[in-house]
Amino acid sequence: MSTGTSVISQNELLPPPVLWAQRKHLLYLMIALEDCKSPTVKLESDKLYFRGKGGVENKEHEVVLMFLEEIKPEESKYAVRGRGIEFILIKAKEGPYWNRLLKDGTKYHWLKVDFNKWADEDDSDDEFNSGTNFDEMMGQMGGLGGDEDLSPLDDEPDSDNEDLPDLESKD
């Protein structure tokens, strides 16, 4: 068993792909493991434990993320979705951006910045301070306190399934 940021079990399970972004008061985290139906998630103020089966090869994955700073597990939320497990983690101290996600500075091939959610520290936080998007997203996510209603929230129509117009041929 290794020590440090990523604890891989004695069976040497692979860590899943992890994407992250942040704001002054929260972290976005996505464990990008498709079709992971019943993951084990344990969130503490300084770490996140994940174990689940999914992905293209339907393999078991496991990872422990030791955070650079503390978060508030009781206020944080997550949702299991078809494409992965999405987290909104509330920082214990609002303020400057963390210079990295993990306590140790090692670069891991499975940990990447989520540039779709990233905003620079000096960018405006208006969309999050207004409350509409953020509150709606938090409302859709289950809590981490053992709630049983953490089923996937895939009731939303999938934009990939929309009918596309026929291609016009140039005659």
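Nothing here was measured: the structure is a model prediction, and the numbers come from that model. Every heavy atom of this structure was used, including side-chain atoms; hydrogens, water molecules and symmetry mates were not.
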Indicate the atoms forming the closest heavy-atom contact of [X] with [Y], along with that distance.
{"X": "Leu27", "Y": "Gln22", "value": "CD2-CB, 3.5 Å"}
{"X": "Arg100", "Y": "Leu68", "value": "O-CD2, 3.4 Å"}
{"X": "Val63", "Y": "Trp110", "value": "CG2-CH2, 3.6 Å"}
{"X": "Ile90", "Y": "Glu75", "value": "CG1-O, 3.6 Å"}
{"X": "Pro73", "Y": "Leu43", "value": "CB-O, 3.8 Å"}

Task: Cluster link Val56 to Met30, ILVMFWY, side chain under 4.5 Å - done: no
When rounded to the nearest 0.5 angstrom, what is the spacing between [atom1] in [X] and [atom2] in [Y]?
{"X": "Cys36", "Y": "Lys53", "atom1": "SG", "atom2": "NZ", "value": "10.5 Å"}
{"X": "Phe50", "Y": "Tyr78", "atom1": "CZ", "atom2": "OH", "value": "9.5 Å"}
{"X": "Asp46", "Y": "Leu65", "atom1": "CG", "atom2": "CG", "value": "11.5 Å"}
{"X": "Arg83", "Y": "Leu33", "atom1": "CZ", "atom2": "CG", "value": "14.0 Å"}
{"X": "Glu86", "Y": "Ile31", "atom1": "CD", "atom2": "CD1", "value": "11.0 Å"}
{"X": "Ser45", "Y": "Ile71", "atom1": "OG", "atom2": "CD1", "value": "7.5 Å"}

Task: Min side-chain heavy-atom separation Lys112-Trp20 under 4.5 Å - done: no
Open item on the list: Do Leu48 and Phe87 make a side-chain contact, defined as non-hydrogen atoms from C-beta onward lying under 4.5 Å apart?
Closed with: yes
Results of side-chain contact (heavy atoms from CB on, under 4.5 Å) for [X] - residues two or more places apart only:
{"X": "Asp114", "value": "Leu19, Ala21, Asn116, Lys117"}
{"X": "Ser38", "value": "none"}
{"X": "Lys59", "value": "Glu57, His61"}
{"X": "Pro17", "value": "Ala32"}

- [ ] Please identify each residue that fulfils salt bridge (charged side-chain N to carboxylate O under 4.0 Å, His left out) with Glu70, with sequence neighbours left out.
- [x] none
TODO: Report the residues that fulfil side-chain hydrogen bond (donor to acceptor under 3.5 Å, both in side chains) with Glu69, sequence neighbours left out, ordered by chain and then residue number.
DONE: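 Per chain and number, Glu69 pairs via side-chain hydrogen bond (donor to acceptor under 3.5 Å, both in side chains) with no residue.
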Task: Residues that Lys47 engages under side-chain hydrogen bond (donor to acceptor under 3.5 Å, both in side chains), provided they are two or more places apart - done: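 In terms of side-chain hydrogen bond (donor to acceptor under 3.5 Å, both in side chains), with neighbours along the sequence ignored, Lys47 is linked to no residue.
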- [ ] State which residue, out of Glu44, Glu62, Lys42, fulfils the side chain to side chain donor-acceptor pair (under 3.5 Å) condition with Tyr49.
- [x]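 Going through the options one by one, the only one that passes is Glu62.
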- [ ] Could you label the plane-to-plane angle of the Phe67 and Trp98 rings as parallel, tilted or perpendicular, counting under 30° as parallel and over 60° as perpendicular?
- [x] tilted
